[in-house]
Amino acid sequence: MPAKSMSAKSRLGQNFLRDARAAERIVAALGDVADRTVIEIGSGRGAITEILVGRARRVIAVELDRELADGLRSRLPQGRVTIIEQDVLGFDFAAAAAEAGPRLRVVGNLPYYITSPILLKLAASHATLDLAVLMVQREVADRVCAAPGSRDYSVLSVTVQMYGPVEPLLTLPPSAFSPPPEVHSTVFRWHFAPRFAELGVDADGFLLFVRQAFAQKRKTLANNLRAAGVAPQLAAAALARAGVDAQARAESLSVEVLAGLWRTLFTPGTTRSGRDSVS
Ligand code: SAM
């Protein structure tokens, strides 16, 4: 490959994996994919794609960069792999699943500049997905996988974990990539199994409540809710009913407790609906 045409574009988050053992571990983390279609986000120069092609029934790689898409297309055997030159944020996972059959598995060493939009896109496409193995910046993986009470537990932790359990798998230093990024990277696995119905909460309403509850880290949950327009006496009653200390901060509360608070505040007939009190 001519060095000029294949130079990495940093604005597209092009840090190519050069650690072959890591690529093997990432593909292995997808489990048995012999009967599966796997969607790869950002195939780049094919470090992961090349291994996948020998394992999956079918691979659909979504790559925004035309040069990289063309380069990989010309190197990989046609038939089992389709390289789609597209922004993954516009990719229709449901249409791909309708064509491919069973729920899709997803893999990607993500372009870090759009990590959050990609995670939200996958969450929104959850009905068509089985699991995802994703490489992200280590600090993001720490937040995604954080448990209540830890420094990293945040809106991102609750949002992602409401769509199913996550587990960190491996962390790589900058030297595992070319060119090296400025940060460490962590691979995590996400099984899609949404918890909204089980916890009795409405997805949009609950996630809005979570953003309000975590709005200001230094504030207590009660103060954050008050700032969001929940009447103080309603917030106090809901906290008491859930057995939560009046001075608690959102980052100390499990998704189950947060869901219990939401039900108390917003489910008609629980105490009094707080929905009208939220601006
Ligand atoms: N999978 C390769 C690897 O592990 O070496 C490349 C990973 S690199 C971190 C991210 C890849 O995502 C790049 O190839 C980049 O061109 C591609 N990319 C960037 N933005 C994208 C987007 N919006 N949609 C699809 N691919 C994108």
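Just so you know, ligand 1 is whichever comes first in the structure, and atom 1 is the first atom listed for that ligand. Remember, it's a predicted structure, so these values are computed and weren't measured experimentally.
Ligand 1 places these atoms under 4.0 Å from at least one heavy atom of Phe16: 5 (O), 6 (C), 14 (O). If you number the atoms of ligand 1 from 1 as listed, the ones under 4.0 Å from a heavy atom of Ile114 come out as 22 (C), 23 (N). Close approach of ligand 1 to Gly13 is summarised as follows: ligand atoms under 4.0 Å from at least one heavy atom of the residue are 8 (S), 9 (C), 10 (C). For ligand 1, the atoms sitting less than 4.0 Å from at least one non-hydrogen atom of Leu68 are 14 (O), 16 (O), numbered in the order shown with element in parentheses. Within ligand 1, counting atoms from 1 as listed, the ones closer than 4.0 Å to a heavy atom of Leu110 are 9 (C). Those atoms of ligand 1 with a heavy atom of Glu40 less than 4.0 angstrom away are 1 (N). Those atoms of ligand 1 that come under 4.0 Å of a heavy atom in Val62, given as number and element, are 25 (C), 26 (N). Counting the atoms of ligand 1 from 1 in the order shown, those under 4.0 Å from a heavy atom of Gln14 are 13 (C), 15 (C), 16 (O).
Relative orientation of the Phe206 and Phe209 rings is tilted, given thresholds of 30° and 60° on the angle between their planes. Between Tyr163 and His126, the ring planes lie tilted relative to each other; the angle falls in the 30° to 60° range.
Connection of Ile114 to Leu120 is not established within any shared hydrophobic cluster, with ILVMFWY side chains joined at heavy-atom distances below 4.5 Å, either directly or through further cluster members.
Heavy atoms of Tyr113 approach ligand 1 to within less than 4.0 angstrom. Close to ligand 1: Gln86, with a non-hydrogen atom less than 4.0 angstrom away. At a 4.0 Å cut-off, not a single heavy atom of Arg18 sits close enough to ligand 1 to count as contact. Remark: distances from the non-hydrogen atoms of Leu89 to ligand 1 are all 4.0 Å or more. Distances shorter than 4.0 angstrom do not occur between any heavy atom of Ile41 and any atom of ligand 1.
Considering both main-chain and side-chain atoms, Asn109 comes within under 3.5 Å of ligand 1 through a nitrogen or oxygen pair. Considering backbone and side-chain atoms together, Leu17 places an N or O closer than 3.5 Å to an N or O of ligand 1. At a 3.5 angstrom cut-off on N or O pairs, Asn15 does not count as close to ligand 1.
Atom CD of Glu198 is surrounded by more than 12 heavy atoms from other residues, nucleotides or ligands within 6.0 Å.
Remark: Arg226 engages no residue in a salt bridge (charged side-chain N to carboxylate O under 4.0 Å, His left out) (not counting sequence neighbours).
Listed by first and then second residue, the side-chain hydrogen bond (donor to acceptor under 3.5 Å, both in side chains) pairs that reach into residues 134-155 are Ser154-Ser157, sequence neighbours excluded.
With distances taken over non-hydrogen atoms, the option nearest atom 2 (C) of ligand 1 out of Pro111, Ser185, Ser43 is Ser43.
Under 3.5 Å, the side chains of Asn224 and Gln212 contain no donor-acceptor pair of N or O atoms. Between Thr186 and Thr171, the side chains place a donor N or O and an acceptor N or O closer than 3.5 Å (distance only, hydrogens not considered). Looking only at atom types and distance, the side chain of Thr220 has no donor-acceptor partner in the side chain of Gln247 under 3.5 Å away.
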**Message:** Under the criterion salt bridge (charged side-chain N to carboxylate O under 4.0 Å, His left out), I'd like the reasoning laid out for Arg57 against Asp35: C-alpha separation, chi angles, the key distance, then a yes or no.
**Reply:** CA-CA 5 Å; Arg57 183 171 66 86; Asp35 290 326; 5.7 Å; no

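Distance alone, capped at 3.5 Å, places no donor-acceptor pair between the Arg36 side chain and the Gly31 backbone.
We find the CD-CG distance between Glu99 and Leu104 to be 10.0 Å, quoted to the nearest 0.5 Å.
Residue, atom and distance of the protein heavy atom nearest to atom 24 (N) of ligand 1 are Val88 N, 2.9 Å. Among all non-hydrogen protein atoms, the one lying nearest atom 19 (C) of ligand 1 is Leu12 O, 3.1 Å.
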